[in-house]
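Data block below; observations after.
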2 protein chains.
Amino acid sequence: MADDDEITAKRPTIYDLAQIAGTSASAVSSVLNGTWKKRRISARLAERISRIAEEQGYAVNLPARMLRRDRSRVIGMIIPKYDNRYFGAIAEHFETMARERGLFPVITCTQREPDLELEAAREMLSYQVECLIVTGATDPDRIADLCSAARVRAINLDLPGSRAPSVVSDNFSGALELTRVILSRVRADFGTALPLYFIGGRAQDNNTRERLRGFTAAHVEAGLAVPEDNCLMRGYSAAKTLAAMADLKIADGSGVFVNSTIALEGVVRWLHDQPNPPQMRFGCFDWDPFAAFLPQNVGMMQQDVATMLSTAFQLIETPPEGAPTLQIPCRFRPRP
Amino acid sequence: MADDDEITAKRPTIYDLAQIAGTSASAVSSVLNGTWKKRRISARLAERISRIAEEQGYAVNLPARMLRRDRSRVIGMIIPKYDNRYFGAIAEHFETMARERGLFPVITCTQREPDLELEAAREMLSYQVECLIVTGATDPDRIADLCSAARVRAINLDLPGSRAPSVVSDNFSGALELTRVILSRVRADFGTALPLYFIGGRAQDNNTRERLRGFTAAHVEAGLAVPEDNCLMRGYSAAKTLAAMADLKIADGSGVFVNSTIALEGVVRWLHDQPNPPQMRFGCFDWDPFAAFLPQNVGMMQQDVATMLSTAFQLIETPPEGAPTLQIPCRFRPRP
DNA sequence: CTTGGATGCTCAATCGGTGTAGCATAGATT
DNA sequence: AATCTATGCTACACCGATTGAGCATCCAAG
């Protein structure tokens with residue numbers, strides 16, 4: 001009994017297994033990591049060791065293995081939030097694809113705080129990740145520098161950077177198409193042809209700029225000019241968007257381009273708070289299964305997460321020259 | 001130049017820094033991990049080492065540190081999905097609280113696949129996590145056994161187990177209250193007093209059973225019996241729920257208790273697909289900001305994620321006797 | 001009987017930090 | 001002068017797994 005306790009009190013190591021099996025630690029190691037044939041261990045011994053490992057509930061000590069091996073087989077991702085379907089889908093696809101490739105995925109969420117992004121990236125490097133996917137970072141280039149100093153490949157996702165390859169949506173085309181749909185629906189439903197409002201995001205970030213460009217291009221096509229006051233970009237926060245909506249004087253027959261589902265939360269709350277909500281239509285960049293059914297919604301621009309991630313993994317597997325930005329088309333989902 | 005390359009070609013170790021500083025690796029180590037005062041290193045040397053570490057872009061090798069230290073300071077969580085606000089909030093709170101406690105959070109999502117749950121738990125143990133939070137697991141007890149064999153504490157979250165402490169919502173009370181609200185709203189809006197439908201979840205899982213108990217109790221209060229056919233539990237999948245909805249013959253004046261936002265996706269899609277959607281009301285266990293605004297919704301039962309997680313961390317910090325299940329009250333959010 | 005090759009295993013160095021034990025020097029105390 | 005204490009540092013044995021090098025043993029061929 002005392003002996004049994006001794007054995008299970010600490011997690012068994014290959015040395016413990018070796019002693020039980022009456023063999024050496026190297027034999028145990030090679031059996032448990034699959035290199036035993038190459039190392040000419042007999043099938044008989046291999047089987048005995050495997051059985052004992054099973055019995056003892058052995059689990060390899062990964063930090064020890066990582067210390068010794070040149071490759072850690074850990075792949076990291078930093079991501080801003082888990083509060084919307086887009087980032088949720090990115091996280092799930094990332095984990096699945098990493099596992100398919102025999103990698104151990106580690107994700108950490110950075111709450112859209114630039115300091116936390118940098119700190120998290122540093123932690124990932126300390127963890128000896130082989131590669132870091134930097135999702136929606138405020139300042140991807142600082143992180144890319146950190147990574148290149150540590151000889152770790154970095155890939156930007158969602159928001160591009162200039163010092164590492166990037167995979168982003170084709171925001172311009174997506175915004176162009178979405179804006180066209182909203183404009184035509186507003187005309188069809190209300191007979192109006194007013195410039196739309198643009199709500200959400202940050203004027204500094206690349207995606208917002210690109211979408212604003214598509215938004216503007218669609219207006220130009222339609223012979224409309226967008227007044228500067230029609231654009232409200234108070235960051236990725238429902239509360240801030242809501243608080244600022246009052247300034248917009250959205251009237252009957254208006255149309256709104258909503259730049260994220262988070263901003264849409266603010267818009268929907270605002271609409272609901274109005275004693276006489278205006279007759280209006282909106283479209284949203286990013287998809288949400290419930291928002292899709294809201295009565296004023298004309299459709300949602302869904303980003304192609306699966307393709308974005310398989311592209312990112314391709315970039316990891318065959319690193320390109322320089323820091324190209326690959327654009328992935330979005331898929332418009334009209335109101336069901 | 002060649003020298004510079006030599007230095008940056010591999011990530012610097014404390015030995016590299018020691019050589020540059022003309023001191024020993026132990027001095028470097030103690031300076032960089034903050035134990036240098038205790039080890040009587042002079043402030044002058046400490047500062048010099050810090051400067052050199054900074055210059056060289058040194059980052060500690062965590063696997064090496066973990067190998068040597070008795071504590072890894074890594075805390076793990078497995079979670080089924082990232083596709084709803086509840087699990088998203090759990091993941092975010094977990095990461096924040098872990099960081100506040102100086103722990104490194106590692107989350108992995110298991111796609112509701114029992115095999116993946118077990119595999120992920122094994123990986124976490126190999127990673128030398130100090131503790132594992134098992135969220136919404138199909139078979140938490142198997143994981144608890146794995147953990148106790150490895151002398152790692154496990155805490156069940158969301159779904160309880162019998163072999164490790166659990167933190168769950170007070171599903172009975174929550175369901176009781178939600179059912180009362182739906183019944184009274186159906187009566188007020190339609191003048192009907194029919195038993196409600198119960199949609200979503202798995203009959204085997206504890207939360208669904210508890211909620212069904214609350215649902216039934218509220219019906220008993222109201223002098224109603226629930227026909228068995230009113231309950232549809234086809235798992236946590238919108239598609240399966242949708243496919244099965246047809247059997248239910250939901251008529252005007254009906255009320256529905258929806259057991260998760262995932263099931264609600266199915267319900268909403270079904271409603272939308274009907275040529276003549278029935279006049280009905282529903283309430284949902286779990287909250288979603290967009291679903292909250294759906295016209296038939298009477299309110300959502302939001303689980304108190306912050307309290308659940310701080311309770312879980314308390315259980316980690318002061319382990320209780322046995323495997324108690326702590327119930328956290330939910331908060332009802334009426335339709336805004 | 002010797003040589004050669006295959007077979008089946010073990011030894012020991014190594015990865016990068018950590019921390020105990022201990023050494024050398026300087027100044028203070030008896 | 002001898003002892004003591006404090007200061008400032010280094011040496012070295014670990015943690016657990018990996019892996020190149022090497023040691024027996026056995027059988028077959030010459």
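Numbered from 1 within each chain, the chains take letters A, B, ... in sequence-line order.
- Between Ser26(B) and dT10(D) there is no side-chain polar atom (N or O) within less than 4.0 angstrom of OP1 or OP2.
- The CG atom of Leu62(B) sits 12.0 Å away from the CG atom of Leu67(B) when rounded to the nearest 0.5 Å.
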**Derivation of the salt bridge (charged side-chain N to carboxylate O under 4.0 Å, His left out) call for Arg51(B) and Glu47(B)** = CA-CA 6 Å; Arg51(B) 189 174 41 74; Glu47(B) 210 157 319; over 6 Å; no

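- Comparing Arg69(A) and Asp70(B) along DNA chain C, the residue whose closest nucleotide (by nearest heavy atom) sits nearer the 5' end is Arg69(A).
- The nearest whole Å value for the distance from the NZ atom in Lys10(A) to the P atom in dC14(D) is 15 Å.
- The side chain to side chain donor-acceptor pair (under 3.5 Å) test with Glu117(A) singles out one residue from Thr138(A), Thr135(A), Thr108(A), and that residue is Thr138(A).
- Put simply, Arg65(A) has a side-chain N or O that comes within less than 4.0 Å of OP1 or OP2 on dT18(D).
- At a cut-off of 3.5 Å, with distance as the only test, a side-chain donor of Asp141(B) or Ser162(B) sits close to an acceptor on the other residue.
- Taking 4.5 Å as the limit, every side-chain heavy atom of Asn61(A) sits out of range of all side-chain heavy atoms of Arg11(A).
- Between the C1' atom of dG16(D) and the CG atom of Asn61(A) lies a distance of 6 Å, rounded to the nearest Å.
- dT18(D) atom C1' lies 12 Å from atom CG of Leu67(B), rounded to whole Å.
- Per the geometry, CZ belonging to Arg68(A) stands 8 Å off P belonging to dG20(D), to the nearest Å.
- Backbone-only engagement by Val60(A) is indicated by non-hydrogen atom pairs under 4.0 Å involving sugar-phosphate atoms exclusively.
- When the side-chain nitrogen and oxygen atoms of Ser24(A) are compared with OP1 and OP2 of dT10(C), one or more of them lie within a distance under 4.0 Å.
- Toward the 5′ end of DNA chain D lies the nearest nucleotide of Tyr15(A), the other residue of the pair Tyr15(A) and Arg40(A) mapping further downstream.
- Residue contacts shown for Ser30(A) are absent, as no nucleic acid heavy atom lies under 4.0 Å away.
- Look at CZ on Arg39(A): it is 5 Å from C1' on dT19(D), rounded to the nearest Å.
- Protein atom CD1 of Ile41(B) is 12 Å distant from nucleotide atom C1' of dG19(C), rounded to whole Å.
- Under 4.0 angstrom from either OP1 or OP2 of dT19(D) there lies no side-chain N or O belonging to Ser29(A).
- Residue-level contact check: Leu45(B) touches the backbone only, with heavy atoms under 4.0 Å from sugar-phosphate atoms and none from bases.
- Taking atom CE of residue Met66(A) and atom P of nucleotide dA17(D), one finds them 14 Å apart after rounding to whole Å.
- Using a 4.0 Å cut-off, no side-chain N or O of Asn33(B) falls inside it from OP1 or OP2 of dG17(C).
- One can place CD1 of Ile14(B) at 15 Å from P of dC12(D), the figure rounded to the nearest angstrom.
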